[in-house]
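Counting starts at 1 for both ligands and their atoms, following the listed order.
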Amino acid sequence: MKVGILALQGDVDLHRSVLESLKVQSVLITSKEQLDDVVRLIIPGGESTAMSKLLVSSDIYGRLKERIKQDSISIFGTCAGLILLSNTVLDGRKDQVSLQALDVAVRRNAFGRQIESSFKHVEMVTGGFIEPAFIRAPKIENISAKVDILGRLKDSGEPVLVRQGKMMGATFHPELCFNQDCNMVHRLFLEYTEEN
Ligand code: GLN
């Protein structure tokens, strides 16, 4: 079954390459009708305010809300994608929407400006580590007991990769990462959602 990649804005192509390297086909989603063909979706990093506008104007937002309510779709949100999945967005624009599918509060741009972006060491709860890019990344400031932590920053211990049922979110860009086990995060998403 193909994995959808929301392709309204942001880092779409590299997610496609990671999936290809795992021999998984993907389909770029640009309309609400296309959503009906997938049960797994990646929302890439980019700019959550821009994506929010495009989600609403294309009505993909409405269709996604329905699918989430029906529990018929698994979503992996990375960076801006995590912001769009979250219950609460701190330092967001007033008109910015979120899907409220992950019970966390995230603060946008919490590490500072674009120039403060860096690769950081993430310890995976499942073992091993990765060193992906954090680009004007959000921070998870509040996390409900319903949410599992899958990865933490080595330095501070703060959660950067989380999962709640069919929803998974990363504050970083797992597709922009150069150590050996980088595709581990995509593999986890595929593994957790295989039975869907
Ligand atoms: N700061 C961006 C936002 O608020 C997210 C950055 C990213 O996805 N790399 O949407």
Numbered in order shown, the ligand 1 atoms found under 4.0 Å of a heavy atom of Ile83 are 3 (C), 4 (O), 10 (O)
For ligand 1, does His173 get within less than 4.0 Å through its side chain, its backbone, both, or neither, judged by non-hydrogen atoms? side chain
Looking at Asp91 and Arg107, is any side-chain nitrogen of the basic one under 4.0 Å from a carboxylate oxygen of the acidic one? yes
Pick one of side chain, backbone, both or neither for how Thr78 approaches ligand 1, counting any non-hydrogen atom pair under 4.0 Å. neither
Does any N or O of ligand 1 fall below 3.5 Å from an N or O anywhere on Thr49, backbone included? no
Taking atom 5 (C) of ligand 1 as the point of reference, which of Gly45, Gly46, Ser48 owns the nearest heavy atom? Gly46
Could you list the atoms of ligand 1 found under 4.0 angstrom from a heavy atom of Asn109? 1 (N), 2 (C), 4 (O)
Pick one of side chain, backbone, both or neither for how Arg108 approaches ligand 1, counting any non-hydrogen atom pair under 4.0 Å. side chain
Please tell me whether Ile149 and Met167 are part of a single hydrophobic cluster in this structure, the criterion being side-chain heavy atoms less than 4.5 Å apart. yes
Checking Thr49 against Arg93: is there a side-chain donor and acceptor pair closer than 3.5 Å? no
Taking distance alone, with N or O pairs closer than 3.5 Å, would you say Ile135 contacts ligand 1? yes
Check: Ser48/Gln96 side-chain N/O donor and acceptor closer than 3.5 Å: yes
Which ligand 1 atoms, with their elements, are less than 4.0 angstrom from a heavy-atom of Cys79? 5 (C), 6 (C), 7 (C), 8 (O), 9 (N)
Extract all donor-acceptor atom pairs below 3.5 Å that involve side chains of residues 120-128 and protein atoms in other chains or at least two apart in sequence.
unit_1: Lys120; atom_1: NZ; unit_2: Ser118; atom_2: OG; d: 2.9
unit_1: His121; atom_1: NE2; unit_2: Glu123; atom_2: OE2; d: 3.4

Give the ring-plane orientation class for Phe76 versus Phe189, where under 30° counts as parallel, over 60° as perpendicular and anything between as tilted. tilted
So, regarding Ala80 and ligand 1 (criterion: nitrogen or oxygen to nitrogen or oxygen, under 3.5 Å), is there a contact or not? yes
Are the side chains of Val106 and Leu85 in touch, meaning some heavy atoms are under 4.5 Å apart? no
